[in-house]
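Below is one structure, written out as structure tokens; the observations come after it.
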Amino acid sequence: MKEFEHLMSVWQGQPSADKLSVDDVLKQVKKGIRGITNKLYWGIVAMIVLILGAFIITFFFAFRSTATTIGILIILVTMLLYLSLIVRHYHILNKHDLTQNPSDYLDTLKDYQKNRTKVIGWFYYVFMLLISTGLALYFIEVLENAPTYFKIITYGSTIIWFLFITFYLKPRMFKNEEEKLNLMIDRLIRLQEQFD
């Protein structure tokens, strides 16, 4: 009998599973998604401005070299591809209402996360390669009459900037966003299990 009472006291002393408040989880997930969609929205706005700038440069400035025009067109096409990608991601996150059907929303978030991880992995490097190629072609004519030290500084700083973005900034930014998505998905899964 003592063993049973001891077993009961140990069992009752176990911490109870935390119950999640539906309102709190929904508010946190909405806030997290709003943060991601705001970043995507301002990315869309910035990309549209950059595309307009590249368009103006391409079609309203006279360049002697076709390499320069090809370089700007490569940059323009690359930015259009990136714009279509972030608009697609923006629409995926905005098209569902979390409060209407949380399980569908959870599936949407999981699909978004898988798709984003897969696409960002290969697309980012293609993006950087095309932008680098476009800039190299653009700089041929633009830096044609520049002194050698200026060419070295320009090309060197561009290469250093791309390396910094690729190997330092990109992993941290995407890891941060991935952690936020994982947290939101985890909260929704826990909330769903709570009602199952």
For residues [X] and [Y], report the shortest heavy-atom separation together with the two atoms involved.
X	Y	result
Y155	A136	OH-O, 3.7 Å
K151	L143	CE-O, 2.7 Å
I74	L130	CG2-O, 3.3 Å
L135	I75	N-CD1, 3.7 Å
T37	Y90	O-CE1, 3.4 Å
M79	A54	CE-CB, 3.6 Å

Parallel, tilted or perpendicular for Y124 and F174, by the 30°/60° rule?
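Rings of Y124 and F174: perpendicular, as their planes differ by over 60°.
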
Nearest-0.5 Å distance that lies between atom [atom1] in [X] and atom [atom2] in [Y]:
X	Y	atom1	atom2	value
T66	E141	OG1	CD	9.5 Å
L76	T69	CG	OG1	12.0 Å
I131	Y82	CD1	OH	11.0 Å
K180	I36	NZ	CD1	7.0 Å

Should the pair K39-E177 be classified as a salt bridge under the 4.0 Å nitrogen-to-oxygen rule?
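Salt bridge absent between K39 and E177.
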
Going only through I, L, V, M, F, W and Y residues with side-chain contacts under 4.5 Å, is there a path from L163 to L169?
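Result: no, two separate clusters.
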
Side-chain contact, heavy-atom cut-off 4.5 Å: [X] with [Y]?
X	Y	answer
E178	Q113	yes
I70	Y138	no
K170	M128	no
F55	I72	no
R88	N115	yes

Measure from the side-chain N and O atoms of S84 to the backbone N and O of L81, and report whether any donor-acceptor pair falls under 3.5 Å.
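Side chain of S84 to backbone of L81, a donor-acceptor pair under 3.5 Å: yes, one is there.
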
